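So the structure is just underneath, and the comments pick up after that.
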Amino acid sequence: VQGGGSVRRTAHVFLDGMPRGGLETLEGMYVREIREFRYLSASDATTRYGTGYPGGIIEVFTKRVS
């Protein structure tokens, strides 16, 4: 019997190029410190960071990094 459940794929958060966790990581960030953010699809995330990110990656870059 096949299960009817679904796999939930959520994005991982990378802060200034380093993995920081799940989406809950965004809750502790101050908007005024963010320079840029972008979403990478699962295939783009695999190209840049390797496998293990089926929900993609949200890259956040702060103003303190040039």
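Bear in mind the structure is a predicted one, so any value in this text is a computation, not a measurement.
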Open item on the list: Could you see if L23 belongs to whatever hydrophobic cluster contains L15? Use Ile, Leu, Val, Met, Phe, Trp, Tyr and a side-chain cutoff under 4.5 Å.
Closed with: yes
- [ ] Could you state whether L26 and F14 fall into the same hydrophobic cluster, counting links through intermediate Ile, Leu, Val, Met, Phe, Trp or Tyr residues with side-chain heavy atoms under 4.5 angstrom apart?
- [x] no
Heavy atoms, side chains only, cut-off 4.5 Å: are [X] and [Y] in contact?
X: M29; Y: V13; answer: yes
X: T25; Y: R20; answer: yes
X: K63; Y: I34; answer: no

TODO: For E24, enumerate each residue passing the side chain to side chain contact (heavy atoms under 4.5 Å, CB included) test, keeping only those at least two apart in sequence or located in another chain.
DONE: none
Task: Between CG on residue D16 and OG1 on residue T62, distance to nearest 0.5 Å - done: 3.5 Å
Open item on the list: With ring-ring contact (aromatic ring centres under 6.0 Å, His included) as the rule and sequence neighbours excluded, what pairs involving residues 18-48 come up?
Closed with: none
Please set out all donor-acceptor pairs under 3.5 angstrom arising from side-chain atoms of residues 47-58, sequence neighbours excluded.
unit_1 : atom_1 : unit_2 : atom_2 : d
T47    : OG1    : S43    : O      : 3.1
R48    : NH1    : E59    : OE1    : 3.3
R48    : NH1    : E59    : OE2    : 3.2
Y49    : OH     : E59    : OE2    : 2.6

